[in-house]
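Each remark here refers to the structure printed beneath this line.
When reading the values below, keep in mind they use all heavy atoms of this one structure, side chains included, and skip hydrogens, waters and symmetry mates. Position 1 is the first residue of the sequence, and the numbers go up from there. What you are looking at is a predicted structure, and each value in this text was computed from that prediction instead of being measured.
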Amino acid sequence: MKINRIVPDLTVSDLATAVGEHAEVLGLKVLMDHGWIVTLGDGAGPQLSLMTRDATAPVNPDVSVFVDDVESAYDAAVCAGLEIVHPLTTEQWGVRRFFYRDSSGRVVNVGDHA
């Protein structure tokens with residue numbers, strides 16, 4: 001399995017304000033806006049996601065890791081005995097993903113683009 005990118009996910013109460021702040025301070029542009037999550041980036045690779053509440057999962061992730069084989073990652077998480085907090089799901093926006101909780105309580109969103 002290859003990791004394609006890792007994106008921090010920050011939970012915010014006011015999405016528009018948070019987007020404006022991070023765009024202004026860091027010079028980032030909106031790359032994706034689903035209304036509940038906005039991903040900012042510089043066009044060269046580094047990204048930051050801001051979200052109010054995940055649209056389909058019971059909790060917000062702390063970080064998103066995009067891989068080339070999400071099924072292998074899911075199997076590895078299950079074999080490791082990690083808590084799966086969002087099952088392997090193909091979402092409406094074209095991402096196949098699952099969430100696990102690590103031993104520190106952090107929620108990791110692992111996905112790939114279908």
Side-chain angles (χ1 to χ4, degrees):
M1 175 184 59
K2 177 184 166 206
I3 294 176
N4 294 323
R5 94 186 128 107
I6 299 174
V7 181
D9 298 316
L10 302 181
T11 297
V12 300
S13 57
D14 183 331
L15 193 56
T17 298
V19 168
E21 292 167 345
H22 292 289
E24 183 176 344
V25 172
L26 302 174
L28 301 173
K29 306 289 183 219
V30 173
L31 303 178
M32 176 193 75
D33 183 347
H34 285 301
W36 57 272
I37 183 171
V38 173
T39 299
L40 302 171
D42 67 358
Q47 296 181 345
L48 172 66
S49 287
L50 308 166
M51 70 173 60
T52 52
R53 183 181 177 281
D54 195 290
T56 64
V59 296
N60 285 356
D62 295 297
V63 63
S64 293
V65 180
F66 294 90
V67 299
D68 68 346
D69 185 354
V70 72
E71 284 82 10
S72 285
Y74 179 80
D75 291 343
V78 170
C79 285
L82 296 171
E83 177 189 0
I84 304 300
V85 295
H86 181 63
L88 188 56
T89 305
T90 301
E91 306 289 1
Q92 294 176 348
W93 55 91
V95 171
R96 186 156 171 77
R97 68 183 185 152
F98 73 96
F99 293 7
Y100 69 87
R101 188 180 316 274
D102 72 11
S103 61
S104 298
R106 298 287 183 187
V107 176
V108 180
N109 168 26
V110 181
D112 68 10
H113 293 278

For residues Phe99 and Phe66: do they belong to one hydrophobic cluster (side chain heavy atoms under 4.5 Å, members Ile, Leu, Val, Met, Phe, Trp, Tyr)? no

Counting C-beta onward and ignoring hydrogens, is there a side-chain heavy-atom pair between Val63 and Val7 closer than 4.5 Å? no

Of all heavy-atom pairs linking Asn109 and Pro61, the shortest is CB-CB, 3.6 Å

Applying a strict under-4.5 Å side-chain criterion to I, L, V, M, F, W and Y, I'd like to know whether Leu82 and Val59 cluster together. no

Exercise: identify the closest heavy-atom pair between Asp54 and Asn60: N-OD1, 2.7 Å

I'd like to check the salt bridge (Lys or Arg N to Asp or Glu O under 4.0 Å) partners of Arg96; sequence neighbours left out, ordered by chain and number. Glu71

What are the two closest heavy atoms between Leu50 and Leu15, and how far apart are they? O-CD1, 3.4 Å

Please identify each residue that fulfils side chain to side chain contact (heavy atoms under 4.5 Å, CB included) with Glu91, with sequence neighbours left out. Thr56, His86, Thr89, Trp93, Arg97

Provide the closest heavy-atom pair for Ser13 versus Thr52 in the form atom of the first, atom of the second, distance. O-CG2, 4.3 Å

Given the rule that I, L, V, M, F, W and Y join up when any side-chain heavy atoms are under 4.5 Å apart, are Leu10 and Val19 in one cluster? yes

By the side chain to side chain donor-acceptor pair (under 3.5 Å) test, which pairs, at least two apart or in different chains, include something from residues 39-51? Arg5-Gln47, Thr39-Ser49

Gly111 versus Val70, closest heavy-atom pair with distance: CA-CG2, 3.8 Å

Tell me which pairs pass side chain to side chain donor-acceptor pair (under 3.5 Å) where either residue lies in residues 20-37, with sequence neighbours left out. none

Looking at Lys2, is its backbone amide N or carbonyl O close enough to the side chain of Asp69 to form a donor-acceptor pair, meaning the two atoms are under 3.5 Å apart? no

Which pairs, with at least one residue in residues 101-114 and sequence neighbours excluded, count as a salt bridge (charged side-chain N to carboxylate O under 4.0 Å, His left out)? Asp62-Arg106, Glu83-Arg101

Going hydrophobic residue to hydrophobic residue with side-chain gaps under 4.5 angstrom, can you get from Leu48 over to Met51? no

May I ask whether Met32 and Leu28 are part of the same hydrophobic cluster, defined by side-chain heavy atoms of I, L, V, M, F, W, Y residues being less than 4.5 angstrom apart, directly or through others? no

Considering residues at least two apart in sequence or located in another chain, which fulfil the ring pair (Phe, Tyr, Trp, His ring centres under 6.0 Å) criterion with Phe98? Tyr74

Might you point out which heavy atoms bring Ala77 and Ile84 nearest each other, and give the distance in Å? CB-CD1, 4.0 Å

